[in-house]
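Throughout, protein chains are lettered first and strands after them, A, B, ... in sequence-line order, and every chain is numbered starting at 1. Just so we're clear, the structure is a prediction, and the values are computed from it rather than from any experiment.
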Amino acid sequence: MFGPGGVLFLLSHEMLLTWRAFRASGKGRHVRRIIFYSVMTALLGFGGYWAAKFLSEITPQPDVLTLGIVGSAFAILFSLMLSQALMLITESLYQRGDLDLLLSSPAPLWRVVIVRMSAIAINVALFYLILVAAICVWLPFFGGWAWLSFAPSILLLSLFATAVALVLASAMFALIGPKNTRIFAQILGSIIGASFFIASQIPRFTEDENRAQAMRDVFNALIPVLGDAASPISLPARAAFGLNADLALWALVALASFLSAVWWYASRFANDAAAITGLGARKRRNTRAARAMRSGSAVTLIFKEWRLLVRDPLLLSQILLPLLYFAPLFAVFGTRITEEGLSPVSAAGFASAFVLLITSFAAGLAWLTVSAEDAPDLIASAPVSRDQVDNAKAIAAAVPSAFLLTPPVIGLSIIVTPIAGFWMLVGGAAAILSTCLIAIWHQTPGTRKEFRRRTRGSLMLNFGRSFVALGWVGATGLAVSGWAIAAIIPAIISLGFMLALHESRPKEPEPA
Amino acid sequence: MTNALSVRALTKKFGEKTAVDALDLDIRAGELYALLGPNGAGKTTTLRMVTGLLKPDSGSIHVFGADAIADPIAAKRMLAWLPDEPALYDKLTAWEYLEFIAGLWGVGAKEAAPRAEELLKLLGLWDNRDERTEGFSRGMKQKTALAGALIHDPKLLMLDEPLTGLDAAVARQVKDLLTQRAKSGGSVILTTHILDVAERVADRIGIIQGGKLLAEGTLAELRGRAGGDNATLEDVYLQLVGAGAA
C-alpha cells in the first residue's frame with residue numbers, strides 16, 4: 001500500500017499533480033499570492049470565529065425540524081457535489097494526461113481507479129471542508145464539541161456523491177456513447193448546479209397570495225421526510241450531530257458505496273477509456289458541393305472562428321449554459337410585466353438583465369476567438385498585422401452577440417417604445433464593444449480546451465471588467481426607464497474603467 | 001543575385017543563455033540548405049526569428065532583400081514556416097485549412113482553389129479533403145501542413161524537422177517534393193537530426209552549435225574539411241560538434 005505503485009504512492013502522485021495544476025493556474029507573483037491567501041485565511045478565520053461562537057451557544061437537538069433543515073442543506077450540498085464529481089469523472093477520461101501511462105503499467109486497474117476517484121472525492125469536498133474547518137478550529141475554544149462531526153460527515157458525503165456520479169457516468173456511457181457523454185455530463189452538471197438557484201427563484205414567479213402557501217406546502221412536505229429520525233434519508237444529518245452509531249453507520253454506507261462503485265467502474269474503465277481514444281481517429285466528413293474558396297484575411301479569419309465554434313458542441317454548451325442562470329431573472333421580469341403591465345421599471349429591468357447576459361455571452365466568445373488560438377505560430381507567421389488579426393477575431397465574437405441582442409431590442413421597441421429599444425441597442429452594443437476591446441487589450445492566451453480557465457488573470461482586471469459591464473447595465477436601465485441624462489453617470493464610470501484597462505494593458509508581447 | 005535569406009550578427013539570449021550568438025548565414029535563391037546541429041544548438045530559434053515568431057536581440061535578417069525586422073509583413077509574404085509539430089485546427093477539414101491559409105496570405109480564391117487541388121493530389125490527400133484533420137494520422141497532418149505551407153507558393157520555405165515521426169513512404173514523398181521545389185527555383189531551408197536526409201537532398205549544409213555556425217558548404221567541401229573523400233557526413237558532423245553531441 002505504501003510502496004512504489006501502492007495506493008498511497010499513486011494518491012500522493014495524484015495530489016502532487018493537482019497541487020501543481022492549482023499553483024500553475026495563478027498568474028500572480030509569489031508574494032502577492034501569499035498576501036492573497038493570508039487575507040483569505042484571515043477572513044475565513046474571522047467568519048469562522050463568530051460562527052463557532054454562535055453555534056457553541058446552541059445545543060444541537062436532532063428533532064424533526066433541526067434534522068430536516070440540516071438534511072435540506074446536505075441535499076443541496078449533495079447535488080452540488082454530484083454535479084462537480086460528474087464533470088470531473090468524465091474529464092478524467094477525456095483529458096487523458098498520464099492515463100495511458102498508468103493503464104500500461106503493471107499496477108492493477110482497481111488501484112488506478114480507486115486513487116483517481118479518491119482524488120476526485122477529495123477535490124469535491126475540499127471547498128466545503130475548508131469552510132467547515134474555519135469553524136471547527138474555533139469550536140473547542142467555545143465548548144462546541146457537539147458540532148465537530150460535521151466535517152467527517154461532509155467528507156463522507158463527497159465519497160457518496162462520487163459513487164453516485166460514477167454510476168451515473170457509466171450509465172451515460174452505456175446509453176448515449178462516449179461522444180455524447182461529455183456534453184451531456186456537462187449539461188446535467190450545470191443544470192443540477194443551477195437548479196437550486198432556479199428553484200429559489202420559483203416563489204418569485206408565483207402570485208403573492210399563492211407564494212406563502214406554496215412555500216408552506218414545500219416546507220411541510222420536505223421537513224417530515226428529511227427530518228424523520230427513523231428514515232435512512234436523515235442518516236447524514238444525524239451523523240453530523242455526532243451521534244456515534246449514526247456516524248459509524250454513515251461512514252460504513254459512504255465507504256461501501258464508494259468502494260462498490262469503484263469496483264464496478266474499474267471493470268468498465270479500460271473499455272471506456274479505449275472507446276474515447278477511438279473517438280479521435282473517427283473520420284468526420286463535411287460535404288461540400290463546390291470547391292470554391294473564400295479570400296481575404298479578415299473574412300477567412302472570421303469564418304475560421306465561426307466554423308471552429310459551431311463544430312465544437314462541448315464549447316458551445318459551455319458558452320450557452322451560463323445563460324441558464326439568467327432564466328429566473330427573465331421569469332421575474334416576465335411576471336412583473338404580466339402583473340403590473342408595461343411599466344418603465346419592468347422594461348428597464350428586462351433591458352438591464354439582457355445587457356448583463358449579452359456581456360457574459362460576448363466575454364466567453366471573445367476569449368475563444370481572440371485569446372484561444374490552437375495555431376498561434378501559424379497566425380504569427382502570416383503576413384497580417386496583429387491589429388488586423390485581433391480586429392477580425394473580435395468581429396467574430398461581436399457579430400453572434402449582436403444577433404442575440406437584436407430580437408429583444410425589436411421586442412422592446414414594439415411592446416414598450418422605439419426609444420426604449422434604441423437605448424437598449426446602444427447599451428447592449430456598448431457592452432459588446434467594451435467586452436471585445438478588453439479581450440483584445442488583456443489577452444490570456446491558451447487553447448480552446450482551456451475555456452474554463454479563461455477568467456484567470458489579475459484581481460484588478462476582473463474587477464475592472466465587472467465594473468465596465470455593470471456600468472453599461474446601469475446606464476441601459478436608466479436610459480430605458482426614461483432617465484437618459486442620469487444614464488450618463490454609469491456610462492462615464494464604464495468609460496473610465498475602460499480607459500484604465502486600456503492604459504494598464506500589457507506591452508506588445510513578443511510573438512509566440 | 002539577391003540571397004533568399006541573409007542573416008548578419010543575429011543574436012538571441014534567453015536570460016543568461018545565448019541561444020544564437022552573432023550568427024551569419026546566407027541561403028542562395030534556388031538552393032536547398034540543411035541546418036544541422038545537436039539539441040539546443042539554436043537551429044529552431046534562428047528560424048523562428050526569421051519567421052518573426054521571436055524578436056532578435058540584435059542583428060539583421062533580410063528575406064530576398066526585404067528587412068524582416070523593419071518590415072516583417074513584406075518578409076512574411078515570401079515565407080512559409082513548417083514547425084516540427086504541425087499547427088492544424090482539428091475541427092477544420094484539409095480543404096478548409098488550405099482555404100484559411102490562402103486567405104491569410106492574400107491569395108485570391110480563383111488562384112487558391114486549383115493550387116489546393118494540385119497540392120492535395122500530389123500529397124495523396126485528395127480523397128481526404130473533406131475530412132476534419134482531427135482524424136488524420138501524424139503523416140497526414142504533416143502533409144496537410146506542408147500543403148498549407150506551399151499553397152501561397154512561398155519564395156522561401158523553412159521547415160523544422162519536417163521528417164520527424166513520418167513513415168518511410170511519407171518521408172520519401174516529402175523529400176521528393178522539397179527536392180522538386182528547389183529544382184524549380186524555390187529556396188528551402190530545413191533543420192534536421194537525420195544526417196542521411198541532409199546528405200541526400202541538401203545542396204549545402206550548415207552545422208551549428210552553441211548558436212554559432214561551425215562550418216558550411218557542399219557535402220564535398222565538408223568532406224574535404226574532415227580529411228578525405230570517404231568521410232561521411234556523420235564523420236564530419238561528429239568531428240565538428242564532438243562525439244558527445246551525437
Side-chain angles (χ1 to χ4, degrees), chain A residues 179 278-316 368 372-389 392-393 447-449 507-512, chain B residues 48-55 72-83 85-117 128-137 145 148-149 151-152 158 160:
Chain A
K179 183 175 162 263
L279 274 184
R282 214 181 122 207
K283 288 181 178 175
R284 295 183 62 118
R285 188 169 271 277
N286 283 53
T287 51
R288 282 176 68 101
R291 301 252 68 82
M293 279 187 164
R294 288 181 185 86
S295 54
S297 56
V299 174
T300 45
L301 268 165
I302 291 168
F303 271 87
K304 175 241 172 190
E305 293 301 338
W306 287 348
R307 273 176 178 151
L308 295 181
L309 282 173
V310 170
R311 289 180 190 173
D312 201 332
L314 188 71
L315 267 183
L316 265 186
L368 278 173
E373 175 55 61
D374 289 341
D377 280 5
L378 177 69
I379 303 291
S381 66
V384 186
S385 72
R386 195 186 168 99
D387 285 347
Q388 282 175 289
V389 172
K393 288 179 158 224
T447 60
R448 308 171 80 79
K449 286 174 188 159
K507 285 180 186 171
E508 184 77 14
E510 183 163 286
Chain B
R48 285 175 72 83
M49 283 192 282
V50 174
T51 327
L53 297 174
L54 276 177
K55 270 185 191 165
I73 303 286
K76 284 175 180 180
R77 275 201 193 97
M78 294 182 272
L79 282 176
W81 161 246
L82 187 68
E85 277 299 320
L88 302 179
Y89 298 96
D90 55 7
K91 301 285 179 203
L92 292 187
T93 67
W95 182 265
E96 288 164 349
Y97 176 73
L98 296 187
E99 178 188 24
F100 174 60
I101 306 282
L104 270 186
W105 261 263
V107 183
K110 281 185 182 171
E111 197 186 331
R115 179 107 184 106
E117 185 174 337
N128 310 93
R129 64 192 179 277
D130 292 328
E131 286 169 22
R132 293 187 193 176
T133 59
E134 63 191 343
F136 280 11
S137 65
I151 186 85
H152 54 95
M158 301 199 300
D160 190 18

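- One finds the OG atom of S381(A) at 7.5 Å from the CD1 atom of I101(B) (value rounded to the nearest 0.5 Å).
- Looking at L104(B), both its backbone and its side chain come within 4.5 Å of chain A, counting heavy atoms on both sides.
- Side chains of L301(A) and F100(B) form a contact here, defined as non-hydrogen atoms less than 4.5 Å apart.
- Among all heavy-atom pairs drawn from L378(A) and W105(B), the shortest one is O-CH2, 4.1 Å.
- D90(B) contributes atom CG, which lies 8.0 Å from atom CG of L308(A) (distance to the nearest 0.5 angstrom).
- For A116(B), the part lying under 4.5 angstrom from a heavy atom of chain A is the side chain only.
- Residues forming a ring pair (Phe, Tyr, Trp, His ring centres under 6.0 Å) with W81(B) (at least two apart in sequence, or on another chain): none.
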Subject >> CA sep, side-chain torsions, deciding dist, call: R311(A), E134(B), salt bridge (Lys or Arg N to Asp or Glu O under 4.0 Å) >> reply: CA-CA 12 Å; R311(A) 289 180 190 173; E134(B) 63 191 343; over 6 Å; no
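- Across all non-hydrogen atoms, the minimal contact from K76(B) to A382(A) is CD-O, 3.2 Å.
- Heavy-atom minimum distance, A380(A) versus L53(B): CB-CD2, 3.2 Å.
- Listed by chain and number, the residues in a side chain to side chain contact (heavy atoms under 4.5 Å, CB included) with A149(B) are A80(B), L157(B) (sequence neighbours excluded).
- For E373(A), the part lying under 4.5 angstrom from a heavy atom of chain B is the side chain only.
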